[in-house]
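Report on one structure; see the data block that follows.
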Amino acid sequence: MVLIDGKKISLELQSEIALEVKDIIAKGKKQPHLAAILVGDDPASQTYVNNKVKACQNVGFKSTLIRFETTVSEQKLLSKIDELNNDDDVDGYIVQLPLPKNISEQKIIEAIKPSKDVDGFHPVNVGRLVLNLPTYVSATPFGIVQLLERYNIPTDGKHCVVIGRSHIVGSPMSILMAKNTKLANCTVTLCHSHTKNLKEHTLNADIIIAAIGKPNFVTADMVKEGAVIIDVGINRVNDASLAKGFKLVGDVKFDEVSKKSSYITPVPGGVGPMTIASLLKNTLIAAKKEF
Ligand code: NAD
C-alpha cells in the first residue's frame with residue numbers, strides 16, 4: 001500500500017508556482033493577485049481564508065482580504081463584487097462560503113465574473129467543465145486529479161466510483177474522471193444517498209472517491225483488493241484523550257481499508273492540503289490569462 005502524501009505534493013506544487021511567479025515578475029509583468037471576501041466571524045471560515053492569504057504570500061502573489069460584518073446587505077456585497085470584476089489589478093477572487101442566510105449564495109456566485117472565478121463555482125465555469133473546455137476546476141476535485149497524476153496512478157479505462165454528488169466535490173469530480181483526457185478517461189459511477197446496494201458498486205471499483213461527510217463510512221468489506229482510495233471527508237469525532245476533545249477522521253475506515261488498497265489518502269494530510277495549492281494554480285492561470 002502506498003500512502004498518498006497530499007502535504008508533500010501540495011508543497012511541491014506551491015514551489016513550482018513560486019518559480020513561475022518569479023519568472024513573471026522578472027519579465028516585468030504584474031504580480032498575480034488573489035482577493036478573498038470573508039463575511040462574518042465564523043472561526044472555520046477565518047482559518048480557511050487566513051491559510052489562503054498565507055499561501056499567497058509564500059508563492060509571491062499579492063493578496064487582499066476584504067471583510068464584512070455578518071449584517072452586511074446583499075446589495076453591498078454585490079457592489080464589492082462589481083468593483084472586483086472591474087479592477088484590472090485583481091486576477092481572481094473568492095467569496096468564502098457559507099454566507100449568512102439573508103444573502104443568496106447563488107446570486108453572489110453568479111455575479112462573479114467567470115474569468116475571475118478561481119473557485120470554479122460560476123455556472124459558466126461548471127458548463128465549460130462539462131463541455132471539456134478550458135476552465136477553473138473547483139479546488140478539491142482539481143487537487144484530487146493532480147494527486148493521481150503525481151503518483152502516476154493509471155486511470156484510463158478504470159472503473160471509478162464517486163460517492164457523493166455535491167456541487168463542490170462529488171458532481172464535478174465525476175465529470176472530471178469521465179473526461180477524455182490523460183488524467184481521467186474512467187468509466188464513472190456516481191453514487192449518493194439514494195443509491196441502492198452501494199456495496200455492489202464499490203466492490204467493482206478500481207478507484208473509490210468518497211465525499212460523503214460520514215466518519216468511517218467506507219469499510220473493508222466494500223472495497224476490492226488493490227483499489228485506489230481517495231478520502232475527501234473531514235469529520236470531527238469526539239476523542240476525550242486529546243486536549244481539544246476531538247480528532248479529524250475521513251469517510252473511509254482507514255485502518256482496515258488501507259490493508260486492501262494499493263494507494264490511499266490519509267485524513268488529515270491527503271486531499272485537504274491540495275485544495276489551497278489548486279486555488280493558487282487557478283489564480284496563476286487567471287493571471288496568465290490562459291483562456
Ligand atoms: P455534502 O453534504 O454536500 O454531500 C454529501 C453527499 O454524500 C451527498 O451528495 C449525499 O447524497 C451523499 N451521501 C450521504 N449519505 C450517503 C449514503 N448513505 N450513501 C451514499 N451517499 C451518501 O458534502 P460535501 O460538501 O460534498 O463534503 C463531503 C465531505 O468532504 C465532508 O466531510 C466535507 O467536510 C469534506 N470536504 C473536504 C474537502 C477537502 O478539501 N478535503 C473539501 C470539501 C469537502
Side-chain angles (χ1 to χ4, degrees), residues 3-11 13-14 42-45 47-52 55 94-99 105-106 109 118-121 126 129 136-148 160-177 188-205 208-219 221-223 229-238 246-254 257 264-282:
L3 193 66
I4 298 179
D5 189 343
K7 225 169 164 177
K8 182 176 131 232
I9 303 295
S10 173
L11 289 173
L13 282 166
Q14 290 183 52
D42 173 60
S45 293
T47 306
Y48 293 143
V49 171
N50 287 339
N51 288 342
K52 288 168 190 175
I94 58 164
V95 180
Q96 186 65 43
L97 303 178
L99 293 170
E105 286 188 356
Q106 197 53 34
I109 288 169
V118 285
D119 256 342
F121 293 160
V126 178
L129 177 69
Y136 302 112
V137 179
S138 58
T140 304
F142 190 23
I144 291 170
V145 287
Q146 290 177 94
L147 279 181
L148 295 170
C160 175
V161 170
V162 178
I163 318 175
R165 58 178 163 187
S166 72
H167 290 166
I168 60 162
V169 192
S171 292
M173 195 71 241
S174 68
I175 295 165
L176 215 48
M177 294 307 287
V188 176
T189 304
L190 179 58
C191 298
H192 46 77
S193 52
H194 287 241
T195 298
K196 302 248 186 301
N197 306 320
L198 179 64
K199 193 171 156 181
E200 275 177 24
H201 298 288
T202 56
L203 275 173
N204 274 316
I208 296 176
I209 303 178
I212 312 151
K214 293 192 172 161
N216 302 318
F217 182 89
V218 177
T219 45
D221 60 315
M222 297 167 72
V223 175
I229 310 292
I230 306 293
D231 190 353
V232 187
I234 303 176
N235 308 290
R236 273 185 183 201
V237 296
N238 294 335
F246 69 88
K247 62 176 179 178
L248 293 180
V249 301
D251 289 345
V252 175
K253 201 163 188 181
F254 184 87
V257 173
I264 188 165
T265 58
V267 177
V271 173
M274 293 299 291
T275 305
I276 284 190
S278 301
L279 175 69
L280 297 174
K281 216 164 167 177
N282 276 343

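Residues take their numbers from the sequence shown, with the count starting at 1. As the structure lists them, so they are numbered: ligands from 1, and atoms in each ligand from 1.
- Not counting sequence neighbours, the partners of Lys199 by the salt bridge (Lys or Arg N to Asp or Glu O under 4.0 Å) test are Asp221.
- Of all protein heavy atoms, the one closest to atom 42 (C) of ligand 1 is Thr140 OG1, 3.2 Å.
- In this structure, the protein non-hydrogen atom closest to atom 33 (C) of ligand 1 is Ile234 N, 4.1 Å.
- Each of the following atoms of ligand 1 lies closer than 4.0 Å to a heavy atom of Gly272: 40 (O), 41 (N).
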Checklist entry - Between Leu280 and Lys52, is a side chain to side chain contact (heavy atoms under 4.5 Å, CB included) present by the stated rule, with each step listed? => result CA-CA 8 Å; Leu280 297 174; Lys52 288 168 190 175; over 6 Å; no

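- Residue His192 has at least one heavy-atom neighbour below 4.0 Å for each of these atoms of ligand 1: 11 (O), 19 (N), 20 (C), 21 (N), 22 (C).
- Judged by distance alone, with hydrogens and angles left aside, the side-chain atoms of Asp42 form a donor-acceptor pair with the main-chain N or O of Ser45 at under 3.5 Å.
- At least one N or O atom of Lys214, backbone or side chain, sits closer than 3.5 Å to an N or O atom of ligand 1.
- Distances between N or O atoms of Gly170 and those of ligand 1 include no value under 3.5 Å.
- Ligand 1 has no atom lying under 4.0 Å from any heavy atom of Cys191.
- Closest to atom 17 (C) of ligand 1, if we only count protein heavy atoms, is Phe217 CZ, 3.7 Å.
- The shortest distance between side-chain heavy atoms of Thr275 and Tyr48 does not fall below 4.5 Å.
- Proximity of Ile4 to Ile230: side-chain heavy atoms (C-beta onward) are separated by under 4.5 Å at one or more points.
- For atom 3 (O) of ligand 1, a protein non-hydrogen atom is found at a distance below 4.0 Å.
- The atoms of ligand 1 that sit less than 4.0 Å from any heavy atom of Val271 are 41 (N).
- Regarding atom 30 (O) of ligand 1, its nearest protein heavy-atom neighbour is Val232 O, 3.5 Å.
- Protein heavy atom in closest approach to atom 26 (O) of ligand 1: Ser166 OG, 2.5 Å.
- In this structure, of Ser193, Pro268, Gly164, the residue bringing a heavy atom nearest to atom 6 (C) of ligand 1 is Gly164.
- The closest side-chain heavy-atom distance from Leu3 to Ile264 is below 4.5 Å.
- Counting heavy atoms from C-beta on, the side chains of Ile94 and Leu279 come closer than 4.5 Å.
- Residue-level proximity to ligand 1 for Thr275 is carried by the side chain, the only part with a heavy atom below 4.0 angstrom.
- When only non-hydrogen protein atoms are considered, atom 8 (C) of ligand 1 lies nearest to Arg165 N, 3.9 Å.
- Within ligand 1, the atoms closer than 4.0 Å to a non-hydrogen atom of Gly233 are 29 (C), 30 (O), 32 (O), 35 (C), numbered from 1 in the order shown.
- Contacts between Ile212 and ligand 1 below 4.0 angstrom, taking non-hydrogen atoms only, involve backbone and side chain alike.
- Of all atoms in ligand 1, listed by their number and element, those nearer than 4.0 Å to a heavy atom of Asn235 are 32 (O).
- You'll find the side chain of Met222 stays beyond 4.5 Å of the side chain of Lys253, heavy atoms only.
- Contacts of Val169 with ligand 1, taken as heavy-atom pairs under 4.0 Å, involve the side chain alone.
- Ser171 contributes no side-chain N or O that, together with a main-chain N or O of His167, makes up a donor-acceptor pair within less than 3.5 Å.
- Protein heavy atom nearest atom 31 (C) of ligand 1, with residue, atom name and distance: Gly213 CA, 3.6 Å.
- Within the 4.5 Å cutoff, side-chain heavy atoms of Leu148 are placed close to those of Met177.
- Using a 4.0 Å cut-off to heavy atoms of Ile163, the atoms of ligand 1 that qualify are 20 (C), 21 (N).
- Atom 25 (O) of ligand 1 has its nearest heavy-atom neighbour, among Ile230, Ile168, Leu97, in Ile168.
- Here Thr195 has no heavy atoms under 4.0 Å from ligand 1, in either its backbone or its side chain.
- Remark: side-chain polar atoms of Ser10 are paired, donor with acceptor, to backbone N or O of Pro273 under 3.5 angstrom.
- Of the listed residues (Leu198, Asn235, Asp231), just one forms a side chain to side chain contact (heavy atoms under 4.5 Å, CB included) with Phe217, and that residue is Leu198.
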Next on the checklist: Would Ser278 and Gln146 count as a side chain to side chain contact (heavy atoms under 4.5 Å, CB included) here? Give the steps.
Outcome noted: CA-CA 9 Å; Ser278 301; Gln146 290 177 94; 3.2 Å; yes

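- Side chains of Thr140 and Ile168 form no contact here, defined as non-hydrogen atoms less than 4.5 Å apart.
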